[in-house]
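Remarks on the structure that follows.
The first residue in the sequence is number 1, and the count goes up from there.
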Amino acid sequence: MKFLSLDLQFFAGEKTEKATPKKRQDARKKGQVAKSQDINTAVVLLAVFLFFWFAGSYFLDITLYLVVHALEEYMLLEITESNIHVLLLDILQDLALFLGPIMLIAMIAGVAANYFQIGFLFSTEAIQFKLDKIDPIKGFKRIFALRAIVEMLKSILKIAFVGIVTFTVLWQRIDEILILSQKSVGAAMLTIAGLTLQMGLFASGALLFLAVLDYFYQKYDFEKNIRMSKQDIRDEHKNIEGDPLIKSKIKQRQREMAMRRMMQEVPKADVVITNPTHYAIALKYDEAKLDAPYVVAKGVDYVAQKIKFIAKENEVVTVENRPLARALYSQAEVGDVIPEEFFKAVAEILAFVYKTKNKM
């Protein structure tokens, strides 16, 4: 039996269950999501090379302008302490004309690729300083961990695949490359630019293909890492719903508070109808509040005895009527108006109570 109990505990601790929505939400708050960084890189590269493809004439014009402007202005300009500031601003403006559109396209592509993978997410958990990140022993373990080996194999595969693609593009245009020396400088530059653009597009496409495969792997690995055991799920439900012991104590405290409030209303009652030993119902009639008598307190056994004791201390009349006490207890709650079928019986009792009080 002992070994069976240990086996059951072992299997209960195995992480075989899918993560609950709460576990996924907690992981997301910590920045733990299924994401492939290669998709961001591939999309940025592809977007930049596509931009080069469609805006090639713009970059040709801006390149020629920068070369002519540099030769005309900077080469013949004497650099002094007074004009270095203006010269630096002028150079930065020229660089902005060339690099600005590229950086803008890269930023938009990177944000879009990240958004389509994980949506909007802001978490500072991943960048918080933790001592275990600089622990050399744990760092050594991470280097030789299975995940590190998988990442190394993925890097080798990416380099090999992209290398084969770019080499294939070069091999298909080997004849143009071999006659570059026979072309003019302008024609050779156009050929090299076209070749670079073609290699960039094909390499970006190949990297994007591998990145999609990597995304599915990252998703599988993420789902595997956030799996839960049956015990984890039970603990989570317990935390969400609350500890049963604490819940029972809260309910007990609520019952005690309700009991105290109920007992505070007994002195205001007009009459207490009893069984006489097991049931007690305290009634009050206030025509300014309700059109019929209503229950201010009720109880059985110990509570009934306490109601009668408080009623006696506060000179509230007690009337014994066994069937009426039982019926009222079962059909009316505290604060409710008594059912209509008991109006006549209760009216007679109240008339007797008022008559008794008037005589006193």
Side-chain angles (χ1 to χ4, degrees), residues 36-80 83-84 86-113 151-215:
S36 173
Q37 192 63 40
D38 292 341
I39 285 187
N40 293 5
T41 305
V43 170
V44 169
L45 285 176
L46 187 61
V48 169
F49 280 111
L50 284 173
F51 180 65
F52 284 152
W53 178 276
F54 291 107
S57 58
Y58 166 79
F59 282 104
L60 179 61
D61 294 340
I62 195 67
T63 302
L64 292 175
Y65 165 77
L66 291 177
V67 172
V68 172
H69 186 63
L71 292 175
E72 290 180 351
E73 297 291 336
Y74 306 144
M75 298 297 292
L76 302 177
L77 182 66
E78 182 181 359
I79 299 176
T80 62
N83 66 5
I84 187 67
V86 177
L87 182 62
L88 180 61
L89 292 177
D90 197 16
I91 294 173
L92 290 176
Q93 183 179 356
D94 292 342
L95 288 176
L97 289 174
F98 185 80
L99 297 176
I102 302 174
M103 296 176 67
L104 180 63
I105 291 296
M107 183 183 69
I108 294 174
V111 171
E151 293 295 328
M152 183 184 69
L153 294 175
K154 281 166 46 184
S155 299
I156 295 173
L157 177 63
K158 284 187 289 186
I159 293 172
F161 193 65
V162 173
I164 291 172
V165 170
T166 53
F167 178 78
T168 302
V169 173
L170 285 172
W171 186 256
Q172 289 178 347
R173 299 184 62 177
I174 189 66
D175 295 335
E176 296 180 53
I177 296 173
L178 293 176
I179 61 172
L180 278 176
S181 60
Q182 302 174 16
K183 295 183 178 182
S184 63
V185 174
M189 290 183 64
L190 288 175
T191 301
I192 294 173
L195 184 63
T196 303
L197 184 60
Q198 186 179 2
M199 286 192 299
L201 288 172
F202 277 88
S204 301
L207 187 59
L208 183 60
F209 171 74
L210 293 176
V212 171
L213 297 180
D214 179 62
Y215 173 76

[atom1] of [X] to [atom2] of [Y]: how many Å apart, nearest 0.5 Å?
X      : Y      : atom1 : atom2 : value
Ile108 : Met103 : CD1   : CE    : 12.5 Å
Ile174 : Phe167 : CD1   : CZ    : 8.0 Å
Leu210 : Lys158 : CG    : NZ    : 8.0 Å
Phe49  : Ile102 : CZ    : CD1   : 10.0 Å
Arg173 : Met199 : CZ    : CE    : 9.0 Å
Asp214 : Leu207 : CG    : CG    : 9.5 Å

Where is the tightest heavy-atom contact between [X] and [Y], given as atom of each residue plus distance?
X      : Y      : value
Leu197 : Phe52  : CD1-CB, 3.6 Å
Ala113 : Asn40  : CB-OD1, 3.6 Å
Ala96  : Pro101 : O-CD, 3.8 Å
Ala206 : Phe161 : CB-CE2, 3.5 Å

Only residue of Ile39, Leu45, Val44, Val43 satisfying side-chain contact (heavy atoms from CB on, under 4.5 Å) with Thr41 is Leu45
Measuring only between side-chain heavy atoms, which start at C-beta, is Ile179 closer than 4.5 Å to Asp175?
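They are not in contact (no side-chain heavy atoms under 4.5 Å apart), so the answer is no.
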